[in-house]
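Note that these values count all heavy atoms, side chains included, but never hydrogens, waters or copies made by symmetry.
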Amino acid sequence: MDGTRASLLEILTWIEAELARGATAVELEVLDPDPGAGHYAGEAVEAGIHRPLRVWIDLAERLGLRLCTPRSTDGARIRLRFEVLHRPARPGTAGTCDRNATPLDGDAGTEKYGAASEFARIKKHEDPGFVVDLREALERVEAQQTWRVLYVGCNTGDEITLVRALCPALAPAIHVGIDHSASAIAAARERLSGVELHEIDVSVPGALRALGRFELIVSIGTLQSPGIDSGDLLRTLVQDHLKPHGSVILGIPNCRYVDGEVEYGARMKNFRQPELGLVVKDIAFYRKYLQQHHKQVFVTGKYELLVTAVPTK
């Protein structure tokens, strides 16, 4: 399709019609966005209608497609190819990863997030937004070298490694990681030195009692895991394991992973598009509860929403 002068609605309608007919890939030509830098999406230029590359990335994501690398055609145009993502027959099977989904095929019990699971393949430290937001969250907590830091749901240790790299002040701190997956903890022990690592199921009452209190508690994605009451766990962490002037960084998944791609927004069964009510309720509770404990709360992020709570000054 020639999309150089077509409206976005015409392009959207054409793509959806092709997919409805069973196409597994569609191609169209559009203006090269680089010469039109400074124009807004939909603005008319001499050669047609300008659209930044972000428009096509967003379109692919919302339609559940993969956008391949654009190819130049005649210097003024580029060819876009959208490919249908491979989706499993049912939610939670291999190829789809969602903290709120059912276990993945081949996983069982505590190992559905184990070292060999689909979940372990996802590297959040390769998501620019997550890295930038986590860096800013760490700047807000004003970390000190003498702190004790607890990672709830540390898995194989990616977040611990990233926090150490982003916040040099925490490099010599005492880091304690817990996870219910034996294989994930084993993998973390192989790659991390100077970190206390424990296999603990946080859904068991009193399981954290022996760990003591911390100046900083970090939990990325764990509170939304199946089988966990996020409100009860947060209350336990704050009341029993956070020092009075301590800080908290919580990550709430706002995406799912399909066929190597990330799709924005929490999902409900049988809903094609995101249903953000799934995360808004949790965030509203976290914010109110932490404010009641004299914390200043910040909410940032996109695919991973971060709730950062620091002592009120």
Between Gly114 and Ser117, the two heavy atoms sitting closest are O-OG, 2.7 Å
| message | If hydrophobic clusters are built from ILVMFWY residues whose side chains come within less than 4.5 Å, do Val297 and Leu234 share one? | response | yes
Nearest heavy-atom approach of Arg62 to Pro274 is NH2-CD, 3.8 Å
Test item: Gln144 side-chain N/O and Thr146 main-chain N/O as donor-acceptor pair under 3.5 Å: no
For Pro33 and Arg51 the tightest heavy-atom approach is CB-O, 3.3 Å
**Asked** Side chains of Glu304 and Pro253: does their closest heavy-atom pair fall under 4.5 Å?
**Response** yes
Subject >> Ile220/Asn155 under side chain to side chain contact (heavy atoms under 4.5 Å, CB included): CA gap, chis, key distance, verdict >> reply: CA-CA 10 Å; Ile220 306 300; Asn155 205 255; over 6 Å; no
Taken to the nearest 0.5 Å, the spacing of Leu211 CG from Asp240 CG works out to 11.5 Å
> Are Ile15 and Ile11 close enough that some pair of their side-chain heavy atoms sits under 4.5 Å apart?
Replying inline: yes
Open item on the list: When you compare the side chain of Tyr286 with that of Val248, does any pair of heavy atoms fall below 4.5 Å?
Closed with: no
Item checked: same_hphob_cluster(Leu170, Val131) at 4.5 Å side-chain heavy-atom cutoff -> yes
Could you give me the CA-CA distance, side-chain angles and deciding distance for Glu136 and Val132, then say whether side chain to side chain contact (heavy atoms under 4.5 Å, CB included) is met?
CA-CA 6 Å; Glu136 292 185 353; Val132 170; 4.1 Å; yes
Next on the checklist: Pairing donors with acceptors under 3.5 angstrom, does anything connect the side chains of Asp179 and Ser181?
Outcome noted: no
Check: Is the side chain of Ser203 donor-acceptor paired with the backbone N or O of Gly227 at a distance under 3.5 Å, no angle test?
Finding: no
What one should report as the nearest heavy-atom pair of Phe285 and Arg235 is CZ-NH1, 3.2 Å
| said: Could you check whether any side-chain heavy atom of Arg191 comes within less than 4.5 Å of a side-chain heavy atom of Asp158, counting everything from C-beta outward? | reply: yes
Contacts satisfying salt bridge (charged side-chain N to carboxylate O under 4.0 Å, His left out) that involve residues 278-302 (not counting sequence neighbours) are none
Leu305 vs Ile283, side chain to side chain contact (heavy atoms under 4.5 Å, CB included): CA-CA, chis, key distance, verdict: CA-CA 9 Å; Leu305 303 177; Ile283 290 175; 3.5 Å; yes
| query | Would you say Val149 and Leu192 are hydrophobically clustered, going by side-chain heavy atoms of ILVMFWY under 4.5 Å? | reply | yes
Assign the ring pair His293 / Tyr289 to parallel, tilted or perpendicular, where the plane angle (0 to 90°) is split at 30° and 60°. tilted
When rounded to the nearest 0.5 Å, the distance separating OG of Ser247 from CD of Glu142 is 8.5 Å
4.5 Å side-chain heavy-atom contact, Ser225 and His180 = no
**Prompt:** Taking C-beta and beyond as the side chain, do Trp147 and Phe214 meet within less than 4.5 Å on heavy atoms?
**Reply:** no
(request) Please determine if Asp58 and Arg54 form a salt bridge, counting it only when a charged side-chain N lies under 4.0 Å from a carboxylate O. (result) yes
Under 4.5 Å between side-chain heavy atoms, hopping through other hydrophobics if needed: is there a path connecting Trp14 to Val84?
yes
query = Going by the angle between their ring planes, with limits at 30° and 60°, are His175 and Tyr151 parallel, tilted or perpendicular?
reply = parallel
Quiz item: Got a sec: does the CD of Gln239 have more than 12 other heavy atoms crowding it under 6.0 Å?
Solution: yes
- Query: Any side-chain heavy atom of Leu80 sitting closer than 4.5 Å to one from Leu67?
  - Reply: yes
ask   = Is there a path of hydrophobic side-chain contacts, each under 4.5 Å between heavy atoms of I, L, V, M, F, W or Y residues, that connects Ile57 with Leu85?
value = no
- Indicate yes or no for a side-chain donor-acceptor contact from Thr312 to the backbone of His294 under 3.5 Å, with no hydrogens or angles considered. yes
Are Arg79 and Pro70 side-chain neighbours, meaning at least one heavy-atom pair lies under 4.5 Å?
-> no
- [ ] Evaluate whether atom NE2 of His198 has more than 12 neighbouring non-hydrogen atoms of other residues, nucleotides or ligands under 6.0 angstrom away.
- [x] yes
Between the CG atom in Leu8 and the CG atom in Leu59, the distance rounded to the nearest 0.5 Å is 6.0 Å
For Glu61 and Tyr303, the nearest pair of non-hydrogen atoms, with its separation, is OE2-OH, 2.8 Å
The reported gap from CD in Glu196 to CG in Leu150 (rounded to nearest 0.5 angstrom) is 10.0 Å
May I have the step-by-step check of side chain to side chain contact (heavy atoms under 4.5 Å, CB included) for His241 and Thr236, ending in yes or no? CA-CA 7 Å; His241 300 284; Thr236 296; 4.1 Å; yes
Salt-bridge criterion met for Lys124 and Glu159 (N-O under 4.0 Å)
no
Any sub-3.5 Å donor-acceptor pair from Arg77's side-chain atoms to Leu31's backbone N or O?
no
Tightest non-hydrogen contact, residues Thr156 and Ala187, listed as CG2-CB, 3.9 Å
To the nearest 0.5 Å, atom CD of Glu29 lies from atom CE of Met1 at 11.5 Å
Lys/Arg-Asp/Glu bridge criterion (N-O < 4.0 Å) met for Arg81, Glu27 = yes
In this structure, CD1 of Ile122 is separated from CG of Asp127 (nearest 0.5 Å) by 11.0 Å
